[in-house]
There are 2 protein chains.
Amino acid sequence: MPTINDVARAAGVSPSTVSYVLSGRRPISAETRARVQAAIAELGFHPHAGARALASSKTNVLALVAPLRVDVNVPVIMQFATAVVTAARSYNHDVLLLTKDEGTAGLERVAHSTMVDALILMDIERDDVRLPAIRTLKQPSVLIGLPADHAGVACVDLDFEAAAALALKHLAEHGHQRIGLVGPSPAVYRRQTTYADRFLAGFLQTSNELGLRTVTHPCEPGAEGVRAALADLDTELPGLTALVVHNEEALRPLLDLLHAAGRRVPEDVSVVAICPRDVATAMPVNLTSIDIPAHDVGTIAVETAMRLLDNRPIDYTRLLEPSLVERASCREISPSHR
Amino acid sequence: MPTINDVARAAGVSPSTVSYVLSGRRPISAETRARVQAAIAELGFHPHAGARALASSKTNVLALVAPLRVDVNVPVIMQFATAVVTAARSYNHDVLLLTKDEGTAGLERVAHSTMVDALILMDIERDDVRLPAIRTLKQPSVLIGLPADHAGVACVDLDFEAAAALALKHLAEHGHQRIGLVGPSPAVYRRQTTYADRFLAGFLQTSNELGLRTVTHPCEPGAEGVRAALADLDTELPGLTALVVHNEEALRPLLDLLHAAGRRVPEDVSVVAICPRDVATAMPVNLTSIDIPAHDVGTIAVETAMRLLDNRPIDYTRLLEPSLVERASCREISPSHR
DNA sequence: GCGTTTTGTCGAAGCGCTTCGACAACTGCC
DNA sequence: GGCAGTTGTCGAAGCGCTTCGACAAAACGC
């Protein structure tokens, strides 16, 4: 493996000149630059990442902390990860993958040992225990989510409150008055994962503002959980005409269940889903949905990290506006039915 | 951020002694060790990863190259990743996540710049273009998959040939003679992804050996693709009594389709799936299946990498024996129906 | 009780890079 | 034509760690 000294010798310059060719931090004449680049190419020189990190105190590596338990919403996690890695590469950075179960210790490990320049965390909880820790790190963090106390911490996410409002408004405009929410699993609420909380808060508030009759229910994974949730919704709000589903996993069993019960979508019950676009369109009924823009969120998270790293100004709280795409799962309720 | 020198000063020893306490490479008296460890704890010392890598030429980082296009079998990819990260951590290593689309260049980049000690690659193709590249790297690689020319390269995977044989034998023992294979998407075959090839090869060979009437078909993703594949199988092999499904995505639409057509599982058609256990049990019919042991494969891949790193002997080709779990999707065919 | 190991510690070199200060050679300007 | 500024390059220091050789002190063998 050739070193910068080998390159310097081959090009007949000093090692520092090679370094400046590489970094562009000082002017180098065209001829010298050409000679150096030729030597680099010929020798197949790649700077040693560790040496570089040691000398410059920059690693060009981002930590991505993902919930790798094989849990719900695996595809969404994957979309985030893909977006983050791709975006990071476009800034000439790499991504170190950590699991959430390492908790605070994991963050501190990679931060203190200077393995990464910045951290991106997913699956943030309302009072996330990692928050105090990341505030003490010398590396900046970007959260995908919005914890209760997010002062001074960069956060990026879909605006789930607005998403809930949007879903309800859409249904209300179509004449629906009695609407149920099928939420994430109780475990997600128990952890107070911020997207669940925020969606629920938006749902309740908008329901109130619009004077709707609504009822909300978490939903255990699996067909049985969906059955139970639906039964509860039906008894608590008889004659409901629409469902908002904020639970990717529940979507399929729910549609099956409605079908089996002879309740047609959208004729008998309208459905608005909050899920990735491709999930919405892969269902037996093409679902009207609000997209979870995992790709955008991941990309923006990386971009935010980069701005933080070079002290450019950022929006500390970046909530992406939801957009609802009409497909085939909502119908207009005629006034006589209201 | 304290350095090893700070620790040494605080403990009243030389930096090298601190280093030896950390690495255990030389005997250190109990008292000295205690003093050093106290100083480390008090100062919150963490060795600088870059400095360490530079001095020792070991990074304690593994590269994991995953197909991050949001493609088929996302959950399986995720399971591999989880297993790899977890296993790596248990060996005190971290994981750098690369995407397959960076191709050979990505591997060479991280290897040449000494960012990683070893590489683990997923989604291997029959004549994978990355193979020549990894042979030239100074870091060892472990493949999850089995390319055509795998001499001298460590490979770990489920034994897909044996899996196909096992599925067919199971069905044959239950009296099935006319059996269709619903394979992965044409794109997977086109890439000659090794698991698809190997499964198909095993299927054809065992079919032959057992004298079965079989027909095989790739299957485009989506309900339409499944419909087409099933139609083809039905016309090419009228009266088939069983399906082997080596396509996680197709499973659900396939069952829906059969149901819609009034073909009951297992009464009218038996099904053996090759998929993760939890997918098999999440279907409307509990499926008899051969598990894809992603967790084991990932763990073994890491373990193999570790052995390679400290020059311990390994099995260069490690094909895990498949195991079939009987659930509710296969029935015995009575002799009169044979 | 004297050589011989073993044990425990230190100092120094060096890993491969970046960066700072120095400086020579130009360039431009009145 | 002399002074300031710019351009292009170099040498050396230093980033924080590991590791090697050296060596004193203790333990061992006969």
Side-chain angles (χ1 to χ4, degrees), chain A residues 1-37 39-40 43-61 92 109-117 138 310, chain B residues 1-37 39-40 43-61 92 109-117 138 310:
Chain A
M1 214 89 302
T3 73
I4 201 171
N5 290 294
D6 300 328
V7 174
R9 208 171 309 122
V13 298
S14 79
S16 52
T17 299
V18 177
S19 179
Y20 288 124
V21 168
L22 252 25
S23 69
R25 291 183 169 285
R26 287 205 179 167
I28 298 288
S29 70
E31 311 92 275
T32 306
R33 195 180 318 123
R35 251 186 310 136
V36 169
Q37 276 158 349
I40 288 175
L43 298 179
F45 166 74
H46 290 254
H48 186 292
R52 202 162 227 197
L54 180 55
S56 68
S57 18
K58 304 165 80 288
T59 62
N60 276 34
V61 175
N92 195 29
R109 184 170 54 77
V110 298
H112 289 156
S113 61
T114 325
M115 299 186 77
V116 302
D117 293 337
K138 69 169 192 290
D310 28 73
Chain B
M1 216 90 299
T3 73
I4 202 172
N5 290 294
D6 300 328
V7 174
R9 208 171 308 121
V13 299
S14 79
S16 53
T17 300
V18 177
S19 179
Y20 288 125
V21 168
L22 252 24
S23 70
R25 292 182 168 284
R26 287 205 180 167
I28 298 288
S29 71
E31 312 92 274
T32 305
R33 196 181 316 124
R35 253 185 310 133
V36 168
Q37 275 159 349
I40 287 175
L43 298 179
F45 166 73
H46 289 255
H48 186 292
R52 202 163 226 197
L54 180 56
S56 68
S57 18
K58 304 163 81 292
T59 62
N60 275 36
V61 175
N92 195 30
R109 184 169 54 78
V110 298
H112 288 156
S113 61
T114 324
M115 299 185 78
V116 303
D117 293 337
K138 68 171 194 289
D310 28 76

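A, B, ... follow the sequence lines: proteins, then strands. Residue 1 opens every chain.
To the nearest angstrom, C1' of C:dC10 lies 16 Å from CZ of B:R9. Atom pair A:N5:CG and D:dA13:C1' shows a separation of 14 Å (rounding to whole Å applied). Rounded to a whole Å, the NE2 atom of A:H112 is 17 Å from the C1' atom of D:dG16. The interatomic distance linking A:H48 (NE2) with D:dC15 (P) rounds to 18 Å, in whole Å. If you measure from atom CG of B:N60 to atom P of D:dC17, you get 15 Å, rounded to the nearest angstrom. Distance, A:L22 CG to D:dG8 C1': 17 Å, rounded to whole Å. Between A:M1 atom CE and C:dC17 atom C1' there is a gap of 16 Å when expressed in whole angstrom units. Between the P atom of D:dT7 and the CZ atom of A:R33 lies a distance of 13 Å, rounded to the nearest Å.
When all heavy atoms of B:K138 and A:M1 are compared, the closest pair comes out as NZ-SD, 3.5 Å. Closest of all the heavy-atom pairs between A:V61 and A:M115 is CB-O, 3.6 Å. Taking each heavy atom of A:P2 and A:G44 in turn, the nearest pair found is CG-O, 3.9 Å. Across all their heavy atoms, A:S113 and A:R109 have their closest contact at OG-O, 2.7 Å.
Both A:R35 and B:I4 lie close to DNA chain D; mapped to their nearest nucleotides by heavy-atom distance, the more 5′-ward contact belongs to A:R35. Taking the nucleotide of DNA chain C with the nearest heavy atom to each of B:A55 and B:Y20, the more 5' of the two is matched to B:Y20.
Here the side chain of B:S56 is nearest to one of C:dG11, D:dT18, D:dG21, namely D:dT18. When each of D:dG16, C:dC10, D:dT9 is scored by its nearest atom to the side-chain atoms of B:T3, the top-ranked nucleotide is D:dG16. Nearest nucleotide to the A:R25 side chain, out of D:dT18, C:dT7, C:dT19: C:dT19. Taking every side-chain heavy atom of B:S16 into account, C:dC10 is the closest of D:dT7, C:dC10, C:dT19. Comparing D:dT18, D:dG16, C:dC10 by their closest approach to the side chain of B:S19 singles out D:dT18. With D:dT9, D:dC15, D:dC17 as the candidates, the nucleotide lying closest to the side chain of A:L54 is D:dC15. Taking every side-chain heavy atom of B:V13 into account, C:dC10 is the closest of C:dG16, C:dC10, C:dT19.
Checking side-chain atoms of B:R33 against main-chain N and O of B:I28 turns up a donor-acceptor pair under 3.5 Å.
Donor-acceptor pairing under 3.5 Å is lacking for the side chains of B:S19 and B:S16.
Phosphate proximity of C:dG16 to A:R52: absent, as no side-chain N or O sits under 4.0 Å from OP1 or OP2.
As judged by a 4.0 angstrom heavy-atom cut-off over every strand, A:P27 is placed among the base-contacting residues. Residue B:S29 is classed as a sugar-phosphate contact, given heavy-atom separations below 4.0 Å to backbone atoms only.
In terms of polar N and O atoms assigned as donor or acceptor, the side chain of A:T32 never comes within less than 3.5 Å of the base of D:dG8 in a complementary pairing. Judged by atom type and distance alone, A:R26 does not reach the base of D:dT7 through any side-chain donor-acceptor pair under 3.5 Å.
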